[in-house]
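Below, read A as the first sequence line, B as the second, and so on, with proteins coming before strands; counting in each chain starts at 1.
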There are 2 protein chains.
Amino acid sequence: MPKKKKSTIQDIADQLGVSKSLVSFVLNGKSKEKRISDSMAKKVLEVAKRMNYRPNYLAKSLRTGRSQTIALIIADISNPFFAKMARFMEIEASKYEYKVIFANSDEDKEKFTAELSVLKNRQVDGFILIPPIGSEKELAALQKQKLPFVVVDRVFKNIDCPTVIINNYQAGYQATQRLIENDRRNIAILNVNNKLYTMQQRVKGYHDALMENGIATSPVLVKHLKFSHDKKLIMKAIKEIISAGADGLLFTTGKLTILGIECLMELGISIPEDISVISFDDMDAYRVTRTPISAIVQPLEQMSKEAITILMSLIEENTVAVENKNRVLDVDFVYRASCV
Amino acid sequence: MPKKKKSTIQDIADQLGVSKSLVSFVLNGKSKEKRISDSMAKKVLEVAKRMNYRPNYLAKSLRTGRSQTIALIIADISNPFFAKMARFMEIEASKYEYKVIFANSDEDKEKFTAELSVLKNRQVDGFILIPPIGSEKELAALQKQKLPFVVVDRVFKNIDCPTVIINNYQAGYQATQRLIENDRRNIAILNVNNKLYTMQQRVKGYHDALMENGIATSPVLVKHLKFSHDKKLIMKAIKEIISAGADGLLFTTGKLTILGIECLMELGISIPEDISVISFDDMDAYRVTRTPISAIVQPLEQMSKEAITILMSLIEENTVAVENKNRVLDVDFVYRASCV
DNA sequence: TTTTACTGCTAAAACGATTTAGCCATTTTC
DNA sequence: GAAAATGGCTAAATCGTTTTAGCAGTAAAA
């Protein structure tokens, strides 16, 4: 069985007895520009169809220097927050005929660096990054290499690059304000990754809301966890804030919340009777918890859209409008029974 | 500012005054085989490092015919079931130095076909597919084109291709059996995508369990929905089975379950007092629902691992061992308070 | 009639790697 | 001492495109 070879531009040219340049021109819609006769153009198109011609993007990319591929490096695609973002990114990228390769860093700087390196080799045209703590050097290197990239959901000190984040301070402030309005005075906050500026801002918003309402802040009510996946750590923190008399609780990530709620259930603590709860990120699960959980809704679709738009402008125009360079988006809130 | 060009194999060759063939041999670890002197090999490596040489994978792939990339076409990466699978696939693929490009079909045959087409053009070495209903023709075409692919989570009539699925019949059977053991006699099943063989098997397992326990099956307790994301449809179905006196309920997907539980809550129906519940797929949410939900746990990691293994063997050896061609994996069960 | 312009096309270089075939000098074998 | 083997390297083809420069031939302008 003669393995039927895939047809190339040369095959089409041979069929018609013309040069492959001509075929290439026609196939790229440059017939007019390159003054190919209509009759010839038609023939080329016909033959291409008949031979079921499919352009080889490797060759195309090698020649043009564009791979029409972007890389998305997130912490973990199995985290719904990132998965949703990935989905929106893919939708948006496909509008530009771009495909996306994804990689997971697990918030590990070494992994992140390694992934970045192999993706560079693969000649992706740009990167959407959610870099782990301590990635400043990598980002600086990307800048020096003039590789297009956009940082999402995070901000890094001393790195002046395109970013898309939410107004974390505002979100933390308003959520706290809401808990205060619910007559809560011992409001705790459960946080993770506190070395990230964006996380610090969430906590700052929380602090300022308390302060401006004349409520003293208590260090024992502010918990910074090392990981969000370790239930034991979360249980310990929750026990501590409960002992300290917490009657309100703000979770700074959805992952923390799921485990946190589980702990509260196990401890027999009622929401909102014993403790009022609000969480960053709106998870599907919040609608089916014993008490539906209120959430700070990040505009994931908009974030993704803007990030891709910026990246495409970097790739195509090699620049981005100043007013778009550092986007700070407003969040939305959905209040459910967990805080009333 | 002279845009510092990326260094190529030629640059290294020029530096040392040798041929690029030599450089290529050394860089690919063929020094011994190609009898390059140790001293020269060392020099090449040094210069490569000094120039920060990074191979261009486009060029490499064009020449070798291997892109070291596989495509993953699923319904929707934002669905945790697929997202987890994607994560495991990525982990496994990276062991073979493969990257994965993902695409979403939304269970739409046209989208699926379109994605398949562009990914073929991009010269991916193989596909992991979760094809929508009615994809037989596409799969047959892939076979005729001798493109390596593995179908996961689904089976298609008349398509004899490598697959990895779970034992859906067994899973449906055992879950139903468990509900029966809980003294439930009016057991309903909420299903979706019933044109899929794998879904039919879940229902068949349900039916047979009832039959073998001498319980009459009632058509009104068997609901086949068109979509899993339409809450209204689900609400309607649930109201109907409740009116019909259902005291047990088996959901055939996690997505259905989340919305289904929400409906049950809204209707003020208690789990497991009024109705005992088991669900396919183990979602994070099940641990924080009012009543924790029992689940049929699909071995996602194993499925992903086996799928990648098969695909790699197809890519590399152009064949797969018969005993591995059609894998049927056993599921696990986690029983929580929703069925006691 | 010569020049200029246009029309329709082609040849060949280039992208950055891999790989085959083979060259030249030295060493080994008989 | 001639033939064969070995060691260390290179030239050139190749993968499938895009793109630049330019070549005939005819038509319009001078």
Side-chain angles (χ1 to χ4, degrees), chain A residues 3 5-44 47-48 51-69 97 118 120-125, chain B residues 3 5-45 47-48 51-69 97 120-125:
Chain A
K3 190 170 179 184
K5 282 260 292 152
K6 292 189 51 172
S7 53
T8 72
I9 229 169
Q10 185 65 262
D11 298 333
I12 299 177
D14 291 349
Q15 263 303 301
L16 289 165
V18 297
S19 74
K20 55 182 177 174
S21 322
L22 187 151
V23 178
S24 174
F25 292 145
V26 173
L27 261 21
N28 287 303
K30 301 195 180 165
S31 301
K32 286 273 115 43
E33 179 188 338
K34 295 293 178 177
R35 302 181 314 234
I36 310 300
S37 65
D38 287 355
S39 61
M40 182 56 88
K42 220 176 88 192
K43 276 195 265 179
V44 169
V47 173
M51 299 178 90
N52 189 29
Y53 169 74
R54 324 194 129 269
N56 182 324
Y57 267 72
L58 291 176
K60 210 170 180 139
S61 301
L62 177 59
R63 177 59 230 238
T64 62
R66 284 277 168 85
S67 65
Q68 301 281 118
T69 307
E97 310 212 320
V118 345
K120 274 184 210 167
N121 292 354
R122 279 161 185 268
Q123 316 295 125
V124 298
D125 295 341
Chain B
K3 191 169 178 183
K5 283 259 293 149
K6 290 189 52 170
S7 53
T8 73
I9 227 168
Q10 186 65 262
D11 297 334
I12 299 177
D14 292 349
Q15 264 301 301
L16 288 164
V18 298
S19 74
K20 55 182 178 174
S21 321
L22 187 150
V23 177
S24 173
F25 292 144
V26 173
L27 260 21
N28 286 303
K30 301 193 179 165
S31 302
K32 286 274 113 46
E33 179 188 336
K34 296 293 176 178
R35 300 180 316 232
I36 309 301
S37 65
D38 289 354
S39 61
M40 182 56 87
K42 221 176 85 191
K43 275 194 265 179
V44 169
L45 262 8
V47 174
M51 298 178 90
N52 189 30
Y53 169 75
R54 325 196 129 265
N56 181 324
Y57 268 72
L58 291 176
K60 210 170 180 140
S61 302
L62 178 60
R63 178 61 230 243
T64 61
R66 284 277 168 86
S67 64
Q68 301 281 117
T69 306
E97 309 211 320
K120 275 184 207 166
N121 292 354
R122 277 161 186 269
Q123 316 296 123
V124 298
D125 294 343

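- How far CD1 of B:Ile12 is from CD of B:Gln10: 10.0 Å, rounded to the nearest 0.5 Å.
- Considering NZ of A:Lys43 and CD1 of A:Ile36, their distance stands at 12.5 Å, rounded to 0.5 Å.
- Judged by distance alone, the side chain of B:Glu97 and the main-chain N or O of B:Gln68 form no donor-acceptor pair under 3.5 Å.
- Between chain A and DNA chain D, the heavy-atom contact criterion of under 4.0 Å yields a 5' to 3' nucleotide range of D:dG16 to D:dT20.
- Using a 4.5 Å cut-off on side-chain heavy atoms (C-beta onward), B:Lys6 and A:Gln123 make contact.
- Here the straight-line distance linking atom OG of B:Ser21 with atom NZ of B:Lys30 works out to 12.0 Å at 0.5 Å rounding.
- Between B:Asp11 and B:Lys20, no side-chain nitrogen of the basic residue sits less than 4.0 Å from a carboxylate oxygen of the acidic one, so the salt-bridge criterion is not met.
- Rounded to an integer number of Å, the gap from NZ of B:Lys30 to P of C:dT18 is 8 Å.
- Atoms CG and CZ, on B:Asn56 and A:Arg122 in that order, are 11.5 Å from each other to the nearest 0.5 Å.
- Checked by atom type and distance alone, the side chain of A:Thr69 pairs as donor or acceptor with a backbone atom of A:Ser67 at under 3.5 Å.
- Near DNA chain C, meaning a heavy atom under 4.0 Å from it, residues 58-67 of chain A has A:Leu62, A:Arg63 in order of number.
- The interatomic distance linking B:Asn56 (CG) with C:dA14 (P) rounds to 17 Å, in whole Å.
- For the atom pair OG of A:Ser31 and CE of A:Met40, the computed distance is 11.0 Å after rounding to the nearest 0.5 Å.
- Distance check, rounded to the nearest 0.5 Å: NZ of A:Lys120 to CZ of B:Arg54 gives 5.0 Å.
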Requested in this report: Classify every nucleotide of nucleotides 6-11 of chain C by which part a protein heavy atom approaches to under 4.0 Å, writing B for the base, S for the sugar-phosphate alone and - for neither, in 5'-to-3' order.
Outcome: -BBBBB

